Amino acid sequence: MPRIKQNEEKYAVEDFRKEVRIRQGERDLMSVTALAEEADIPRTTLTKRLSDPMSMTFGEFRKLNRAARLDPAAVLPLLGYTAKEIRMFRDRAGTQSREVTV
């Protein structure tokens with residue numbers, strides 16, 4: 001079923017949770033407690049934030065990203081960026097990295 005703009009926030013939350021679960025598995029942080037300890041966030045706070053990622057503070061995003069190494073494309077929609085802006089960021093980053101290596 002195609003995604004529609006009306007449910008954009010819901011899809012962003014689902015994608016974020018999926019990304020966290022994938023990265024937990026890659027980093028062998030199989031429980032919320034292990035992820036919370038690695039991210040230095042209280043377990044109860046992390047549980048609340050994962051159930052409602054839109055209420056997560058920027059500092060909590062940074063800690064969680066440092067611990068789980070999340071894909072920016074999964075996090076940026078939660079912060080209000082559109083798919084077009086994310087593609088622009090990706091393209092700009094790719095251009096800059098090519099310029100440095102040449």
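Treat the numbers as computed from the prediction; the structure is a model and nothing was measured.
Remark: Arg23 engages Glu26 in a salt bridge, criterion side-chain N to carboxylate O under 4.0 Å.
Screening residues 24-56 for ring pair (Phe, Tyr, Trp, His ring centres under 6.0 Å), with sequence neighbours left out, gives no hits.
Looking at Asn65, its side chain does come within 3.5 Å of a backbone N or O of Leu70 through a donor-acceptor pair. No donor-acceptor pair closer than 3.5 Å links the side chain of Glu19 to the backbone N or O of Val75.
No more than 12 heavy atoms of other residues, nucleotides or ligands lie within 6.0 Å of CZ in Arg62, so this atom counts as exposed by the packing criterion. Around the CD atom of Glu9, the shell of radius 6.0 Å holds no more than 12 heavy atoms that belong to other residues, nucleotides or ligands. No more than 12 heavy atoms of other residues, nucleotides or ligands shown are found within 6.0 angstrom of OH on Tyr81.
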Please list, one pair per line, the donor and acceptor atoms closer than 3.5 Å that link side chains of residues 33-48 to other protein atoms, with sequence neighbours excluded.
residue : atom : partner : partner atom : Å
Thr47   : OG1  : Arg43   : O            : 2.9

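How far CE of Met30 is from CD of Gln24: 7.0 Å, rounded to the nearest 0.5 Å. Rounded to the nearest 0.5 angstrom, Leu50 CG and Leu64 CG are separated by 6.5 Å.
The shortest distance between side-chain heavy atoms of Pro77 and Ile86 falls below 4.5 Å. A heavy-atom distance below 4.5 Å is not found between the side chains of Asp91 and Met88.
When all heavy atoms of Arg49 and Met56 are compared, the closest pair comes out as CB-CE, 3.4 Å.
Take Pro53 and apply the side chain to side chain contact (heavy atoms under 4.5 Å, CB included) test, not counting sequence neighbours, and it matches Val13, Phe16, Arg17, Leu78.
Ile22 and Leu76 fall into different hydrophobic clusters, where Ile, Leu, Val, Met, Phe, Trp and Tyr are joined by side-chain heavy atoms under 4.5 Å apart, directly or via other members.
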